[in-house]
Amino acid sequence: MGGQTVKPYAFSEIEAKWQQRWQEQGIYRATPRPDRQKFYCLEMFPYPSGRLHMGHVRNYALGDVVSRFYRMRGYEVLHPMGWDAFGLPAENAAIKRGVHPADWTYANIAYMRRQMQKLGLGYDWERELATCDPEYYRWTQWLFLLFYERGLAYRAAARVNWCPGCQTVLANEQVVDGACWRCGSPVEQRHLEQWYLRITAYADRLLADLERLDRWPERVRIMQQNWIGKSTGAEIDFPVEGLEEKITVFTTRPDTLFGVTFMVLAPEHPLVDRLVAGHPDIEGAVRELREKGVPVTERERATLEKIGIRTGARAINPANGQPVEIWVGNYVLMEYGTGAVMGVPAHDQRDFEFARRYGIRIVPVISPDGGPVSAEAMEAAYEEPGIMINSGPFDGTPSEEGKARVVRWLEERGAGRPKVQYRLRDWLISRQRYWGAPIPLVYCDRCGIVPVPKEDLPVLLPRQVDFRPGGLSPLLGVEEFVNTRCPRCGGKARRETDTMDTFIDSSWYYLRYACARDDREAIDRQSVNYWLPVDQYIGGVEHAVLHLLYSRFFTKVLHDAGLLDFEEPFQALFTQGMVTLGGAAMSKSRGNIVDPEEIIGRYGADTARMFILFAAPPDRDLEWSESGVEGIYRFIQRVWRLFWDWKESADRATSRGPASPQLDRLVHRTIQRVTHDIQDRFQPNTAIAAIMELVNGLYEYRSRPAAEQCGEQLEQALRTLILLLAPFAPHLAEELWEAMGEKESVHRQAWPVYDPAKLVEEEVTVVVQINGKLRDRVVVPAAASREEMEKAALSSERVRAFLNGRTPRKVIVVPGKLVNIVV
RNA sequence: GCCGGAGUGGCGAAACUGGUAAACGCUGUGGACUUAAAAUCCACCGGUGCAUGGCACCUUGCGGGUUCGACUCCCGCCUCCGGCACCA
């Protein structure tokens, strides 16, 4: 190609120029419009840790492609950004460097916002929000009160997870492998009084509605399903011998009730003390068991030696009146079910081992075939379904059927009832830390717990606080904060000094974008119900049972409160893979961050964005490596040169060659591929590959003699190329679009549409196989019939040589594609 | 243990409904241009063999199967990643 001296690609000027113009013209501002369909594209907002890393770039570049694509497809797009700005790192920075958490946070926000702008991300900045802003947390507090009024926020004493690193309690979801999700410290157990949100009241709906989320990854749905952990079974009451008490157990196997030979209570079970009273040695053993406590990590628990203590007390099996020994065991959890289990050694492996160890009777009540079963011969519990035996009136009943029948039978006798049990626990939301939204409640000696009136919100976080961690809420030390008047009686009162889990802040931020500047209410029904639910949500899979579960819970509660018309916040979810360095996710605390600014400085934002999208399919983890950045940079420059060489070439107006159907086909095929890859497949990597092929094709076309090129067709092709490039390389596309002579932004243009007629080929190359092996290719008219294709294949010389006189047994023809000759 | 997902050239990957395995790109090799280099352009780039302008055979983690035809479907394994796990 000629043009050695086209203008240089000065990306930093080009990018700065357009970023400024976009901002001035507000081209990414979202305004409800009756004539268009809305599209709400959202990426999980970041914690303002200081700087962006390549993981952020990947997440936001993806969202940016999607939102630009849908805007060009004619949707009114809402694409906002904000800051998950409360949280511990701000306090830690304050402790380490003496900066106030607020100052540190706002400085980080300013810096990261600037970085996002340098990446050319098309956000509606007029809707920006920061959860640490009083104008935001005022409404977080308002929502807390809404939960409180609805009986969904309560205070309770329980064993809780305590992170010694963060000096605060954690919700169950925030403990990963026995360690704090944030700082990795091993979590300890403490008994404390804390605030909870009653997420368990929504367990059934959170589970059932997962089925509706057909545009969520199956993986995430399964993770939530496991986390909620539904078990269907029954509660059964066992009267205690010689006491006016009964012990209730939860079981999923009521069909094995006749095989109960013992029962086990959690060491903390309220009845234990009474059962062992007067037996000092047993009391001592129980105390020891309690003190040892339950190991924190699941894995430790699983390998824990099962220790049992015989209480000497007995209960009565309500099914057959048989006495059963009551034990206390370290493997029974007070938190799950009723804190008591019935022991059926013949049909539960744990019970089997326990019984063998302590010499407890084993009574088989389920038989694989209905025949007799010898307890002595059993080497393991039989946990499969079978036929009930030794079960009085139920003998001969298939066990699966027996489950319901036994429960009904117990129900008639007042000794049991059906029960659904969930693994999910209520959400512990109070935190003994400073940098969070204060819980808007007051403790009055006379009136008890009193909510702060909504018109008095926000309860402001005081600025002057000693936030060095000491296991108590830093706000406790701020007298002017703590001491207040009771809103109800006017008497002396004290404020709640715990702040809220920051996951509360992020459980509703996606709603607030719809009415971010509304200072009258948290949720403006009209705006929120217009923009929501989110049409495409994009973020990391690490939030599968954290943010994503909490947000679903919030949405359902607000729906029930009449604020929302919808029950699920995120229509479609895409979980992008991590960008790793040294095998670990990039994070500031790990110190393995690759700052995108270096790449932007060297190659420009368009290259940075396109590179991370091209490197791998977006759902796969990506180990960071710079090899390949050059390739994208080369590609972008190739586009630049292609355009300017054409634009500045003298022969542009005079190339009057005939239009090339091949070029048309290439252009339209590319439109088809790119559209499909973004819209249906969410695969920018293959979309970019398709655009590269188009550019390669255009170079080839340009290498023809000028007289054989069609100027008009070429211009059309270049216009299409720019439009297809716009979501991926927004600055480059904008610059070239302007140079095309266009006045209006390329990002406000209509996405190109392919013409199926242009895809049709006149001739196709058909593969000829003999016994499934590729032997030759023949060119036939695209419309060739099966017979014609077969004939063409059989008349190929190579095919004849291979056949060597043999007659085909069978010929398979795939029209337009392939002929397979079987001999 | 249970439940998901992944495994394809030197590397990142592609192959969408069972129909040409390796598109697109990186790296590398050779060449053109250049005083030279960079940039750019052209060619080659899975393996083995034949004694090499070509042809044959093999190749998508491993072993079987279905099919005219399998990266794709079925059965059995291996490795890695993720979730749940004494949940009664």
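A, B, ... follow the sequence lines: proteins, then strands. Residue 1 opens every chain. None of the values given here were measured: they were computed from a predicted structure. No hydrogens, no waters, no symmetry mates; every other heavy atom, side chains included, goes into these values.
Both distances falling under 3.5 Å, in either a Watson-Crick or a G-U wobble arrangement, occur for no nucleotide opposite rU72(B). In this entry rA15(B) has no Watson-Crick or G-U wobble partner, no candidate having both defining distances under 3.5 Å.
A salt bridge links K403(A) with E400(A): the closest approach of a Lys/Arg side-chain nitrogen to an acidic carboxylate oxygen falls below 4.0 angstrom. Salt bridge status for K230(A) with D204(A): absent, with no side-chain N to carboxylate O gap under 4.0 Å.
Using a 4.0 Å heavy-atom cutoff across all strands shown, D351(A) reaches no nucleic acid atom at all. Contact annotation for V822(A): backbone-only contact, meaning every heavy-atom pair under 4.0 Å involves sugar-phosphate atoms and none involves a base. N696(A) comes within contact range of the sugar-phosphate backbone alone, with a heavy-atom separation under 4.0 Å but no base atom that close. Across all strands shown, E630(A) has no heavy atoms under 4.0 Å from either base or sugar-phosphate atoms. At a threshold of 4.0 angstrom between heavy atoms, the contacts of F802(A) are confined to the sugar-phosphate backbone, with no base atom among them. No engagement by G229(A) is indicated, since no non-hydrogen atom pair under 4.0 Å with the nucleic acid exists. Counting any heavy atom pair closer than 4.0 Å across all strands shown, F614(A) reaches a base atom. Here R221(A) lies out of heavy-atom contact (under 4.0 Å) with every strand. Within 4.0 Å (heavy atoms only), R634(A) reaches sugar-phosphate atoms of the nucleic acid but no base atom.
Mapping T251(A) and R673(A) onto RNA chain B via the closest heavy atom, the residue that lands nearer the 5' end is R673(A).
With its glycosidic angle within 90° of 0, rG9(B) adopts the syn conformation.
A 6.0 Å sphere centred on CZ of R704(A) holds more than 12 heavy atoms belonging to other residues, nucleotides or ligands.
You won't find any donor-acceptor pair under 3.5 Å spanning the side chain of N226(A) and the base of rC84(B), going by distance alone.
The listed nucleotides are rU20(B), rA56(B), rU40(B); the one nearest the side chain of R798(A) is rA56(B). For R641(A), counting side-chain heavy atoms from C-beta on, the closest listed nucleotide (rC41(B), rG4(B), rA14(B)) is rC41(B).
Below 30°, between 30° and 60°, or above 60°: for Y633(A) and Y603(A) the angle between ring planes is above 60°, a perpendicular geometry.
Proximity of a side-chain donor or acceptor of R182(A) to a complementary backbone N or O of Q174(A) within less than 3.5 Å is not detected.
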